[in-house]
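Take a look at the structure set out below.
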Amino acid sequence: MGTIGTIILVIVLCAFSFGWYFMQQKKTANVTKDFNVINQKENTSIYFKELLNGKFSFLKNEMKNAPIDAFSAGRIPNSLGDKAKALATDVAKSAAWRLVGVKARYTREDAMCYFVLSGDDLHFLTYFEDKIDSHTLFTKDKINGATISQIESAKTEKKFGAGVHNEYQLTFTMKGEPIVLILKDYITEVVGQGIPNAMSTEYNKDLVKQNLIGLHFKRMLGEKYHHLKIGL
């Protein structure tokens, strides 16, 4: 094939790819127009049971017989915000994290993290390579001394009905040391799930459901502990 033929082929392939992408975007937008965090809010309890008994059943397995009243995603912050300095950050933080059994490597963004509200207790679970690695319990007295603040720079408006994603800094005191965790009022990552097809309508509908679950957690936490009520 000559140079001109190659150029024509590239143009055709690019046009096809763009057309496919545009059609997928339009299809997803049409579906999620009638399926979003606003018009699906009243179904939150249904989706909660569906997800907890389905792809989030790993949380039930870890919690064993303890009830799960609400759950959402979280993360362990990298205080320097610079992955190139992650190792140095880990060393500086490791002493405080050892107090609650979380390994230093998890101050980097390589673990999936979840909050679980169970009665008066708050559980923080970390998963690494699809396996549970740490399970931290915050009892009522620790939660009563906790503080919360919104991370304005993390606020993002999502497409396809998933609403606004927010993150909050939760600070606890454990044995005299401050322990900072990030609470998300949405969930995008699922243990054991591969890389999803972001253009799939089912995937985007799942994001709507998972965002409702995250908002439910934030509401339940605020109702249980009024000093942690925020962004409701």
Side-chain angles (χ1 to χ4, degrees), residues 31-32 34-76 112-127 135-140 142-144 146-152 154-170 172 181-193 196 202-232:
V31 171
T32 54
D34 300 318
F35 194 97
N36 54 61
V37 292
I38 296 175
N39 61 32
Q40 293 301 311
K41 184 177 180 180
E42 62 182 21
N43 295 321
T44 298
S45 61
I46 296 174
Y47 299 142
F48 178 81
K49 293 177 182 177
E50 173 191 323
L51 294 175
L52 189 58
N53 291 322
K55 60 182 179 179
F56 287 93
S57 59
F58 59 88
L59 296 176
K60 292 176 64 176
N61 294 338
E62 175 60 23
M63 294 295 292
K64 303 194 181 339
N65 295 323
I68 296 179
D69 302 316
F71 65 92
S72 194
R75 65 181 175 86
I76 300 173
M112 292 187 188
C113 307
Y114 301 90
F115 285 96
V116 176
L117 187 62
S118 177
D120 291 334
D121 297 333
L122 183 62
H123 299 251
F124 184 70
L125 314 179
T126 64
Y127 290 80
H135 184 154
T136 305
L137 171 65
F138 296 97
T139 55
K140 186 175 183 178
K142 298 300 181 185
I143 302 172
N144 282 333
T147 62
I148 190 170
S149 60
Q150 184 165 3
I151 304 173
E152 292 293 341
K155 186 174 183 178
T156 55
E157 181 98 31
K158 308 306 288 186
K159 292 182 178 180
F160 305 130
V164 178
H165 288 181
N166 297 287
E167 296 187 6
Y168 305 90
Q169 179 173 297
L170 274 171
F172 303 88
L181 297 171
I182 305 302
L183 166 67
K184 302 178 181 182
D185 65 0
Y186 61 93
I187 307 172
T188 55
E189 296 181 311
V190 185
V191 169
Q193 302 284 314
E202 286 304 312
Y203 168 73
N204 283 283
K205 287 175 74 173
D206 280 350
L207 286 184
V208 171
K209 295 177 183 180
Q210 290 164 200
N211 198 13
L212 287 169
I213 299 308
L215 293 171
H216 171 68
F217 176 93
K218 184 170 65 174
R219 182 170 61 254
M220 292 287 288
L221 182 65
E223 289 176 359
K224 175 77 67 173
Y225 295 98
H226 293 171
H227 66 293
L228 298 180
K229 182 180 292 187
I230 189 169
L232 298 176

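As the structure is a prediction and not an experimental result, all values here were calculated from the model. Worth knowing before you read on, the calculation uses all heavy atoms, side chains too, and leaves out hydrogens, waters and symmetry mates.
- Checking side-chain atoms of Ser118 against main-chain N and O of Pro67 turns up a donor-acceptor pair under 3.5 Å.
- The CG atom of Leu228 lies 8.5 Å from the CG atom of Asn144; values are rounded to the nearest 0.5 Å.
- Contact record, Phe138 with Ile143: O-CD1, 3.4 Å, taken as the closest heavy-atom pair.
- Between Phe115 and Phe124, the ring planes are tilted. Angles from 30° to 60° get that label.
- Here the closest non-hydrogen pair linking Lys142 and Phe172 is O-CD2, 3.9 Å.
- Scanning both residues, Asp185 and Val164, for their nearest heavy atoms gives OD1-O, 4.1 Å.
- Between His123 and Phe71, the closest side-chain pair of non-hydrogen atoms is not below 4.5 Å.
- Of all the heavy atoms in Met63 and Val116, the pair that sits closest is CE-CG1, 3.9 Å.
- Between the side chains of Tyr127 and Glu62, no donor-acceptor pair is found at a separation under 3.5 Å.
- Annotation for Asp69 and His216: closest pair O-NE2, 3.3 Å, computed over non-hydrogen atoms.
- Residues passing the side-chain contact (heavy atoms from CB on, under 4.5 Å) test with Ile46, sequence neighbours excluded: Asn43.
- Here the straight-line distance linking atom CG of Leu212 with atom CG of Leu215 works out to 6.5 Å at 0.5 Å rounding.
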Name each donor-acceptor pair under 3.5 Å that joins a side chain in residues 49-61 to protein atoms two or more places apart or in another chain, with its distance.
unit_1, atom_1, unit_2, atom_2, d
Glu50, OE2, Lys209, NZ, 2.9
Asn53, OD1, Lys60, NZ, 2.7
Asn53, ND2, Lys49, O, 3.1
Lys55, NZ, Asp206, OD2, 3.2
Lys55, NZ, Gln210, OE1, 2.8
Ser57, OG, Gly54, O, 3.0

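- Taking OG of Ser72 as the start and CG of Leu117 as the end, the distance is 11.0 Å to the nearest 0.5 Å.
- Annotation: the span from Ile148 atom CD1 to Lys229 atom NZ amounts to 12.0 Å, rounded to 0.5 Å.
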